Structure formats: structure tokens, C-alpha cells
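Report on the structure given below.
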Amino acid sequence: MRHIKLCLLLLLGTIVSLPAQQPKKLNSSEIYEAIQKLNVLGSVLYIAAHPDDENTRLISYMSNHVKARTAYLSLTRGDGGQNLIGPEIRELLGVIRTQELLAARRVDGGEQRFTRANDFGYSKHPDETLEIWNKDDVLSDVVWAIREFKPDIIINRFDHRRAGQTHGHHTSSAMLSMEAFDLANDPTKYTSQLERTETWQPKRLFYNTSWWRYGSREAFDKIDKSNMLSFDIGVYYPSKGLSNNEVASLASSQHLCQGFGRLTTRGTQDEYIEFLKGDPLDDSNDVFAGIDTSWNRIKDGQAIGNILNTIESNFNFVNPASHLPQLLEAYKLLLNVKDGHWKIIKTKELKSIIEACAGLYIEVSADTPQASPESTVGLRIEALNRSDAKIDLLSYNLSTLDTGISKNMEMSKNQRLNFDEGINIPKDINYTTPYWLNKKSTLGMYHVDNPEWIGLPETPRAVFVDFNLNIQGTPITITKPVVYRHSKPDKGELYRPFEIVPPVSASLADKVFIFENDQQKDIEVIVRASRDAVEGYVEMAYPNDWSVYPQKQKIEIANKGDIQKLVFTVIPPKNQSEGLITPMVNFNDEFYTDELIAIDYAHIPYQSVLMPSVSKVVRLDIEKRGNNIGYIEGAGDVVPESLRQIGYNVTVIEPEQISAENLVNFDAVVVGIRAYNILDELKFKQKFLLDYVKEGGNMIVQYNTSRRIKTDNIAPYALQLSRDRVTDESADVSILDPNHPLLNFPNKITTQDFEGWVQERGLYFPNQWSEDFTPLLAMNDKGEDSKQGSLLVAKYGKGNYIYTGLSFFREFPAGVSGAYRLFANMLSAGKEDKTTLKN
Ligand SMILES: [Zn+2]
């Protein structure tokens with residue numbers, strides 16, 4: 001526990017997370033900038049809801065120009081977004097976006113915080129958001145962030161006065177910030193936090209406003225700005241060779257999974273913040289007006305400031321090591337000051353400056369990227385002094401050992417010291433998986449057991465080494481996490497975090513297995529060993545009314561990193577049923593039920609995530625007509641695979657293949673989500689599709705947006721798309737026309753079929769249509785009018801045209817039975833008089 005606490009302290013200082021490449025070593029300009037920042041004792045906390053909400057221009061300006069300690073508090077980790085760079089969604093997307101935020105902060109110099117709030121997807125109103133989040137828990141986390149970070153200034157990205165006009169998460173972030181500003185200093189609120197920190201009153205709260213808040217630049221020019229401060233965030237930094245807005249663009253371009261890769265911008269640009277509450281502004285245009293941000297801020301700080309300001313004004317770029325005697329003097333004075341908060345922060349900063357001035361290279365690299373508890377790992381330690389300073393390596397302490405290893409060696413200039421150590425990974429060590437995923441989360445909240453970890457961007461590293469040095473007579477301890485350094489011929493030197501993983505893990509081929517009849521299916525289990533000589537067995541956990549055989553299968557994996565594949569046969573029950581299956585790997589008399597998921601992208605460090613290895617099995621009570629389905633793919637969805645899972649023969653039709661001859665063979669043609677927004681060809685091919693319907697075909701169009709639509713005649717009759725959506729996945733559904741064939745053939749659709757839906761009912765419903773259409777369903781979010789455009793059907797010639805904004809593309813991968821049954825009816829439209837093909 002002692003070690004975990006130490007490491008936590010490190011994390012609470014400036015960012016120490018590992019970059020995708022070599023851990024950063026500061027050059028002269030960077031050391032100088034670090035000293036400038038060391039001499040500012042002021043802090044800014046920027047608050048918004050999601051990764052990518054943050055205004056990196058302002059964060060970079062505060063961090064690099066004002067030199068304030070600056071952090072971004074993102075209430076969520078962005079699980080509810082889309083992913084443009086890979087298949088990860090939900091929790092895994094949240095892991096990527098957490099790392100993208102850390103990558104952005106490495107560029108703009110900020111720090112990163114979170115709360116336990118879970119991004120559950122789009123929310124129309126803060127009332128809904130704060131009901132789904134546990135409002136009091138999220139507020140408590142914002143209060144905790146304020147008490148712990150102790151910002152002088154808070155800046156909200158969003159306007160707390162605009163409920164209902166933007167994403168509910170956005171407005172909620174501003175509302176919670178407003179409340180927390182007043183609560184953080186109240187010793188009667190969230191008292192358990194006060195065992196670990198003190199109350200804190202930030203000085204001022206601002207809203208990061210902009211002209212678009214007022215409709216136009218002209219309108220914004222005219223308003224009274226006496227309660228606003230403005231900054232030219234285009235300031236140029238000669239030490240970086242970059243303008244502030246260029247730094248900001250580079251930072252926000254880290255949000256690659258959200259498609260934020262962008263051109264950099266330069267030149268003068270004004271940014272405004274509107275005063276909301278706290279100490280009134282004066283005429284200085286200084287956010288810190290009235291706050292002493294010099295070393296005089298802390299008792300006995302003046303003497304330290306005198307030394308460090310002298311270094312700043314006479315900085316030796318050629319030989320930064322010449323400042324070591326003064327830096328060490330300041331360090332000793334700092335150790336004696338009383339102020340707890342700034343002492344911890346400034347000690348950390350000063351130590352890294354001393355380390356950089358001395359040109360120290362200290363690194364601990366493991367001989368393997370991953371190890372499991374109770375295994376042995378070789379560590380290669382490198383310690384090098386690249387300055388004239390007299391430095392001794394006294395000893396080092398491995399976090400896995402109770403006693404230090406004494407060295408007492410002089411670190412002569414540029415003479416590398418290398419040591420090899422073997423460590424035993426303790427049995428009870430924490431796995432290197434995101435801590436907020438250790439327990440099952442709710443729709444609105446992550447569950448975090450350890451209150452000290454709440455808000456941390458990452459799980460503190462469990463394996464690290466403390467180096468006890470004597471630098472010119474001053475003892476200093478420098479802590480390094482263990483890394484894995486390797487090279488690839490086509491890539492050069494590479495770094496990865498060193499990770500602790502379970503000895504075995506298992507995964508199933510799919511997250512959902514659909515059984516459209518009572519036939520058994522073979523399901524593959526992949527078992528992976530993270531240590532040598534794994535022998536044990538696998539058995540499956542499954543629902544009572546299902547069967548799986550064989551009961552147990554042996555595993556025998558000789559080498560770490562190898563896998564073994566097993567096949568289990570799953571037999572569904574006779575009637576509709578669903579449940580979960582989990583492969584349980586027994587090794588050394590313990591069951592392991594997690595899968596180990598790797599996330600590997602060039603712009604973020606390698607991540608291993610442990611998640612329960614669970615798949616859903618669904619026995620559908622479903623009947624179908626027709627077999628050959630043509631699918632025109634839009635913006636990407638898994639509807640074709642899902643339809644194949646229930647036995648359809650699905651052919652993907654390329655836009656250029658759309659012709660009368662090709663379409664005639666299909667029992668139904670389905671158009672993928674947003675196809676009319678992205679496929680230019682549909683403008684010219686729409687005629688063939690509608691002719692196909694006229695001649696007796698069956699066409700199903702899933703949602704499109706009205707903006708940037710490629711054709712005016714998406715349907716054979718008038719149909720106006722809107723932004724109507726129903727985000728509450730459990731919103732009541734009323735059936736408008738219970739006798740309509742689409743709701744009766746071949747499956748009887750009832751309100752039961754709308755149970756268990758996920759994320760939302762649907763989106764971009766039409767809000768006006770020709771009377772040729774029959775609306776079949778009505779639904780709405782709380783407090784809104786009934787929406788009847790989610791499922792519209794029209795006869796056209798001899799065929800049927802169906803338009804639906806229902807979110808089948810979300811329900812199918814979640815194995816929602818009712819969604820499959822309703823879609824089967826849509827595919828069967830017009831086949832009512834043909835022979836019944838029962839399963
Ligand atoms: Zn957002």
C-alpha cells in the first residue's frame with residue numbers, strides 16, 4: 001500500500017503517463033520554460049463533459065503563456081461516441097479517448113482529470129442527464145477535483161443557462177461546476193473527502209463564451225463586454241517555434257478517433273471568458289487579479305523565489321547544469337516550507353528540472369512487455385549522469401521489495417551504469433487495467449472502490465523503482481515506472497508500458513450469438529496464456545434452459561503469449577430465451593473469467609484492458625419469408641452480419657451494381673444508415689430502386705439526415721426528414737395500427753418486442769409525409785410531443801416502400817429479440833399470400 005500511495009503522489013503532480021515513444025527528456029528551451037512555470041503559483045481548471053469538448057487554445061494559453069498550472073476536468077471519458085479509427089466502442093472507446101486526452105495534454109502542457117460519470121450517449125436535457133448520472137456522486141467528484149487540484153480560476157466550456165439547447169451532458173457540466181464552486185469550501189459537505197484533502201475556495205468562475213453564442217460576429221461586437229476578459233490566443237512562442245493556436249491544433253488533433261485531425265492555424269485570435277461569480281474583476285484583464293501568483297504566495301517562499309527568479313533571468317542555455325547549485329539550494333529551502341499543496345507540486349517540478357539540468361538518464365526496462373503475478377521478470381537498469389555535477393547513486397528500491405538495494409557508486413560524467421535485477425511479481429498485485437472498469441458500471445456511473453483513485457486518468461503503475469541519489473551533497477529520490485523498450489527493424493526504438501496481466505484469459509468469437517431456431521451451434525473459445533506452462537481446463541457458464549457440451553475441456557499451453565482454441569457446442573431451448581455465456585478458465589485452482597483486450601494505435605501508448613468475457617445468446621422465436629436480401633451499405637453498420645446470423649442470404653450491392661436486372665433477384669433491398677448522405681451515386685440510381693419497388697419489390701430505408709442529402713426523392717412519395725429522435729431506449733411505444741400486416745406477419749409484434757432496447761429508440765424520424773404512407777408506431781421522450789415517424793410504410797405499384805429511423809443498427813449487435821422480429825416482418829412485406837416457411 002505504501003508504494004501505491006507514493007506512485008499516486010506522482011500522478012497527482014504533473015503528468016507522468018507514458019508517451020507512445022521514449023519518455024520525454026527536456027532540452028534547454030524546455031528546461032527554461034519549466035523554470036518559468038516553476039515561478040508561477042497559480043492554477044486554472046477547465047471544465048466540460050467529453051474528451052474533445054475542451055478548448056485547447058485556451059488551455060495551451062493558460063499553460064504556456066500565463067504559465068499557470070492548468071488542468072482539464074472532463075466529466076466523462078466519451079464512451080458514447082463513435083470511433084473513426086477502429087472497432088472499439090463503449091468502454092474500450094472510453095479507454096482510447098482517455099489516452100487521446102492525455103496525448104493532447106502532453107502537447108498543450110495541461111493535466112487531465114475525470115469524474116465517475118459515464119457517457120451514456122446523446123441526452124437532450126440536463127434534467128435527464130443528471131437523473132441517469134447519479135447527480136450527487138458526479139457533483140461530489142467535481143467538488144473533489146476542486147478541493148484536490150485547488151484551482152484559483154475555473155473556466156466552464158459550456159453555458160449553464162442554456163438547458164435544452166445543447167447536449168445535456170454539456171449543460172450539466174456547467175451546472176455542476178456552478179454548484180461545486182460554492183460547495184468545495186464548505187466543511188460540512190462531502191466530509192469523507194476531507195480525510196484526504198482540505199476545503200478550497202476558487203477565486204473566480206468564468207464561462208468560455210464566443211461569438212457563436214450570440215448568433216453572429218456582428219451581434220457579438222455590439223454586446224457589453226465589461227464582465228468579460230479577452231486574450232490574444234495567437235501569441236507566438238519563440239522557444240517552441242510555434243504559435244499558441246498551432247500548439248492548440250496539434251493538441252486537439254490527438255482526438256483522432258473523433259476525426260479531429262486538422263490543419264494548424266496561426267495569427268491573432270481573440271478568446272473571451274465571461275465572469276460568472278467570485279471576486280469581482282478589476283481593469284487589469286488578468287484572470288488572477290488580486291491573487292499573488294509569485295513565490296510570496298507561500299510562507300517562506302520569498303527566499304526560494306529570489307533564487308529561482310534569478311535563474312530565470314540569467315538562464316544558461318548552453319550549460320543548464322551550471323544552475324544546479326542554486327536549484328539544489330532552492331530544493332532544500334522548499335523541503336522546509338509548511339504549505340502542503342504547493343510544496344508537493346513545486347517539489348515535483350523542481351526535481352524534474354534538476355534531473356534535466358544534470359542530463360540524467362535513468363530508465364528501468366523489463367525484458368517482457370507483460371507479466372502475470374508470481375512470475376519472474378528481468379529488469380535492465382540504466383543510470384547515466386551527462387553533466388559535470390558530482391552525483392552518487394546511493395541505492396534503489398524496487399516497489400516489489402521491502403528493502404532497498406545499496407550501490408554507493410559515483411556516477412562519473414557520461415559513464416553508463418547498468419544493473420540487472422530479477423523481480424518476483426507479487427501474488428496480490430493490481431492488474432494494469434483501467435481501474436474504472438474493474439467493476440460493472442451502470443448506464444450513468446462507473447464504480448470505483450478506491451476513493452483515492454477517483455478522477456485519476458489512469459491506474460497508478462504497480463511496478464516502479466525509486467532511485468536514491470546524492471546530487472552535489474543533496475539527497476534526492478527520483479522515481480521511474482518500469483517500461484518495456486524494444487526495437488523493430490522497420491520502426492526503430494519503441495516503448496510500451498510494462499503491464500501486469502492475469503496468467504490466463506479467454507475470449508469468445510462474437511459478443512452475440514443468435515439462434516433463429518432450435519439447432520445447436522459450435523462456438524469457439526480462444527484461451528491465451530500470459531505465462532509459460534499453463535495447464536488447466538475450461539468450462540462454460542450458461543443459462544439454465546440452455547445446454548453446452550462438453551462440460552469441460554483441458555488446456556495445455558507451453559509458452560507465454562500462445563493461444564489454444566477450443567470448440568463448445570451450444571444447444572438453445574425450444575422457445576424464445578436469452579442469457580449470457582462465459583468461458584471460465586481454471587488454472588492453479590482458480591477461475592479466470594476475463595478477456596484481455598489489446599488497444600494498439602500509434603498516437604497513444606499500448607493499452608491492455610481486462611473485461612468480463614461474456615457473450616449474449618439469444619434464441620429467437622422468429623418466422624421469416626424470403627431469403628435473398630440485397631444490402632446497400634451506408635456509413636457502416638453490422639446489419640448485414642446480423643441478418644446473416646438469423647439465416648438470410650445477404651448480398652452487398654455496390655452502388656454501381658444497382659440496375660433493374662440485378663435488383664429483380666432480391667426478396668428485399670435494404671439501404672444502410674446514412675447511405676443517401678454519403679453515396680453520390682444514389683442520386684442517379686434511385687430511379688432503379690423505386691422502379692424495383694413498383695414492379696413488386698420490397699425496399700427498406702434506414703435513417704438518413706436531411707442535411708447533405710444526395711437526392712430530393714428519397715421515397716416514392718413526399719417525405720420530410722427531421723431531427724426528431726427518441727433517446728430514451730425504454731420510452732413507451734404505442735402501436736397505431738395493430739391490424740397492419742407489417743405488425744402481424746409473419747410475427748405478431750406487440751409492445752413486448754420493444755423491451756430491452758439499448759441506447760435509443762431511433763433518430764432523424766420524418767415529421768411530415770404524404771398520406772400514401774401509414775405510420776405504424778408512436779413514441780416520444782419525456783416532456784415531448786408524440787413522434788409518429790419512426791416506421792412508415794407505403795404501397796408503391798406492386799411493391800412496398802418502408803422508411804424507418806428505428807435504431808436497428810444498435811439493437812442487432814446487442815441481440816435485442818424484438819428488433820429482429822420486427823425487421824423480419826419488414827423483410828417479409830408483400831409475401832403474405834405465399835407458402836409459410838416455418839423454422
Ligand atoms: Zn461534448
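Numbering of ligands and ligand atoms starts at 1, following listing order. In this text the structure is predicted, and so the values were computed from the model without any measurement.
For residue D52, no N/O/S atom approaches the Zn ion (ligand 1) to within less than 2.8 Å. At least one N/O/S atom of H50, from backbone or side chain, sits under 2.8 Å from the Zn ion (ligand 1). At a cut-off of 2.8 Å, H170 is counted among the residues with an N, O or S atom near the Zn ion (ligand 1).
R725 has a carboxylate O that lies under 4.0 Å from a charged side-chain N of E760, or vice versa, which qualifies the two as a salt bridge.
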**OP:** Kindly determine whether R105 and Y72 satisfy side chain to side chain donor-acceptor pair (under 3.5 Å), including the steps that lead there.
**Re:** CA-CA 9 Å; R105 298 296 81 80; Y72 171 39; over 6 Å; no

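Between F809 and Y703, the ring center distance clears the sub-6.0 Å criterion. The six-membered or imidazole ring of F120 lies near that of H169, with a centre-to-centre distance under 6.0 Å.
Note on D53: its N/O/S atom closest to the Zn ion (ligand 1) is OD1.
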